[in-house]
There are 2 protein chains.
Amino acid sequence: MARPRKPLLSRERIVGAASALVDAEGLDAVSTRRLAAQLGVSGPSLYNHFRNKDEILDAVADAVSAKVDLSMFDESDPRDWRTALHDWAVSYRAALTEHPNIVPVLARGPGRRPAGLRVADAVFGAMVRAGWPPAQATRIGALMRYFITGSALGSFARGFVDDETAYDPGDYPHLGQAHLLADRQEEIDEGAFETGLRALLDGLTAQYPTAATAARAGGAGRSRADGP
Amino acid sequence: MARPRKPLLSRERIVGAASALVDAEGLDAVSTRRLAAQLGVSGPSLYNHFRNKDEILDAVADAVSAKVDLSMFDESDPRDWRTALHDWAVSYRAALTEHPNIVPVLARGPGRRPAGLRVADAVFGAMVRAGWPPAQATRIGALMRYFITGSALGSFARGFVDDETAYDPGDYPHLGQAHLLADRQEEIDEGAFETGLRALLDGLTAQYPTAATAARAGGAGRSRADGP
DNA sequence: ACCTGAACACCGTTCAAGT
DNA sequence: ACCTGAACACCGTTCAAGT
């Protein structure tokens with residue numbers, strides 16, 4: 001065929017097909033050859049649009065980040081950082097659990113993908129506006145990410161086998177009911193997420209700088225070390 | 001050569017060589033052929049000891065779980081669940097950051113690997129002994145796992161590029177200092193972990209059932225739904 | 001610029017054959 | 001039981017050739 005008058009491919013089409021393949025069959029099922037076949041082209045064509053396969057998967061992950069709702073950081077009272085952080089975390093987790101197979105890629109870090117950066121930017125900006133010192137705002141963005149991606153990645157309950165004999169009481173004295181976890185996977189993971197999120201927000205609320213502690217810490221102003 | 005009088009391989013030798021390869025060159029560098037070459041055998045020999053490559057990587061991950069210190073759950077005052085949970089989390093994270101390349105495998109879930117199960121068993125048992133209702137103890141084990149593996153997996157700072165021009169202020173109004181994060185990776189990730197761990201423990205302390213709430217919740221005793 | 005087929009250097013896994 | 005080489009059906013990526 002050689003070069004067609006109108007390009008057969010685009011980054012968007014490739015990312016769309018790759019997303020569908022990841023969702024349907026998992027990360028391991030994505031090969032450049034299979035992906036190209038679904039797009040009706042030959043394997044090497046993809047390399048006109050992406051440098052390599054990893055870049056395609058990064059773009060798939062970033063498309064998920066792009067779906068995370070960030071409006072709560074603009075619209076709400078900037079002083080109510082707790083509610084905004086809560087609603088964002090729930091929205092973020094929902095976006096990830098809709099596409100669980102790409103989470104390992106997404107969890108590799110936010111720093112090089114535009115939508116992931118937009119998320120980091122929004123959280124950091126909102127926390128600073130709410131009165132958190134910049135160094136703490138950086139930490140909050142990071143630790144929330146840890147918890148959210150960790151919960152989307154490592155389904156705790158999914159890891160257990162639905163087999164009463166799998167967990168020998170001699171080896172695991174407290175796991176007598178563990179085989180029941182497999183059945184109630186979603187409920188348990190969601191309960192753990194909610195309990196953890198509440199604990200995190202309660203704990204952060206307790207660390208929120210009052211006027212007194214802010215005055216004690218103040219004076220130096222924002223330094224180079226406060227990031228990002 | 002065919003069959004030697006003394007086996008050339010063992011599961012332990014294979015796991016050891018695989019661990020070294022993962023640590024030195026990353027997950028992608030592990031192929032059955034390279035691994036076999038380092039062990040002085042041909043590729044298919046591995047299949048006499050493991051069903052497939054995934055099982056080898058699972059065993060590598062489990063070897064890391066086996067290094068997590070669990071003694072705090074036996075030795076300390078069972079009422080001091082907070083200190084035990086803290087020390088365990090620090091020990092767990094330390095084990096993971098020593099072998100960051102295997103964390104994606106480990107994060108897939110604890111349910112099928114013996115050392116991972118031993119960890120889940122110890123945490124669950126200690127929380128129940130400390131007075132947490134079983135359903136909450138399950139959640140605590142899960143949410144702590146989320147946070148710890150999330151923090152080991154997705155280094156927040158590592159994701160940023162050390163390039164002042166990489167973060168356009170038009171796109172990311174609050175990320176003016178983001179390129180500085182790359183330099184101070186370890187410090188930032190550790191600070192975020194510590195801040196988050198403290199927040200989680202503070203928040204859980206606030207949720208710890210007092211005698212009053214325990215009495216209110218009591219009566220039914222432990223039910224099938226409390227897992228695990 | 002954007003596609004193609006051919007080619008290179010790999011993969012994971014199966015299997016019959018050897019001791 | 002435990003290793004081997006050969007073989008199968010794949011990979012990601014490069015590159016010259018085509019329009």
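The chains referred to below are lettered A, B, ... by the order of the sequence lines, with proteins before strands, and numbering in each begins at 1.
In this structure, B:Asn48 places its CG atom 7 Å from P of D:dC2, rounding to the nearest Å. Rounded to whole angstrom, the span from the CG atom of A:Leu8 across to the P atom of C:dA1 amounts to 17 Å. The distance from atom CG of B:Leu35 to atom P of C:dC10 is 16 Å, rounded to the nearest whole Å. For A:Leu27 and D:dC11, the CG to C1' distance is 16 Å, given to the nearest whole Å. If you take CG of A:Asp28 and C1' of D:dC10, they are 14 Å apart, rounded to a whole angstrom. In this structure, A:Leu46 atom CG and D:dC15 atom C1' are separated by 16 Å, rounded to whole Å. Between the CD1 atom of B:Ile56 and the C1' atom of C:dC11 there is a distance of 14 Å, rounded to whole Å. We find that NZ of B:Lys6 is positioned 11 Å from P of D:dC3, with the value rounded to whole Å.
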Grab the N/O contacts between the protein and nucleotides 12-14 of chain C below 3.5 Å, and write none if there aren't any.
unit_1	atom_1	unit_2	atom_2	d
C:dG12	OP1	B:Thr32	N	3.3
C:dG12	OP1	B:Lys53	NZ	2.9
C:dG12	OP2	B:Thr32	N	2.7
C:dG12	OP2	B:Thr32	OG1	2.6
C:dG12	N7	B:Arg33	NH1	2.4
C:dG12	O6	B:Arg33	NH1	3.0
C:dG12	O6	B:Arg33	NH2	3.3
C:dT13	OP2	B:Tyr47	OH	2.5
C:dT13	OP2	B:Lys53	N	2.9
C:dT13	O5'	B:Tyr47	OH	3.2

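Taking the C1' atom of each, D:dC10 and C:dC8 are spaced 15 Å apart, rounded to whole Å.
Of all heavy-atom pairs spanning B:Tyr92 and B:Leu106, the tightest one is OH-CD2, 3.8 Å. Residues B:Leu85 and B:Val123 approach most closely at CD1-CG1, 4.2 Å, considering heavy atoms.
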| message | For B:Asp121 and B:Phe73: C-alpha separation, side-chain torsions, deciding distance, then whether side-chain contact (heavy atoms from CB on, under 4.5 Å) applies. | response | CA-CA 10 Å; B:Asp121 182 66; B:Phe73 292 123; over 6 Å; no

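The side-chain contact (heavy atoms from CB on, under 4.5 Å) check on A:Ala89 picks up A:Met144, A:Ile148, A:Phe193, A:Leu197, with sequence neighbours excluded.
Taking CZ from A:Arg11 and CG from A:Leu46, the interatomic distance works out to 11.5 Å, rounded to the nearest 0.5 Å. Residue A:Leu57 holds its CG atom at 7.0 Å from CZ of A:Arg108, rounded to the nearest 0.5 Å.
In this structure, B:His49 reaches the D:dC3 phosphate: one of its side-chain N or O atoms is under 4.0 Å from OP1 or OP2. A sub-4.0 Å separation between OP1 or OP2 of D:dT4 and a side-chain N or O of B:Ser42 is present.
A donor-acceptor distance shorter than 3.5 angstrom exists from the side chain of B:Ser45 to the backbone of B:Ser42, with no hydrogens or angles considered.
Side-chain contact check for A:Val30 versus A:Arg34: every heavy-atom pair is 4.5 Å or farther apart. In this structure the side chain of B:Trp88 reaches within 4.5 angstrom of the side chain of B:Val119, judged on heavy atoms.
With pairs defined as Watson-Crick or G-U wobble and both atom distances under 3.5 Å, the stems of at least three pairs that touch DNA chain C come out as C:4-8 with D:12-16, C:12-16 with D:4-8.
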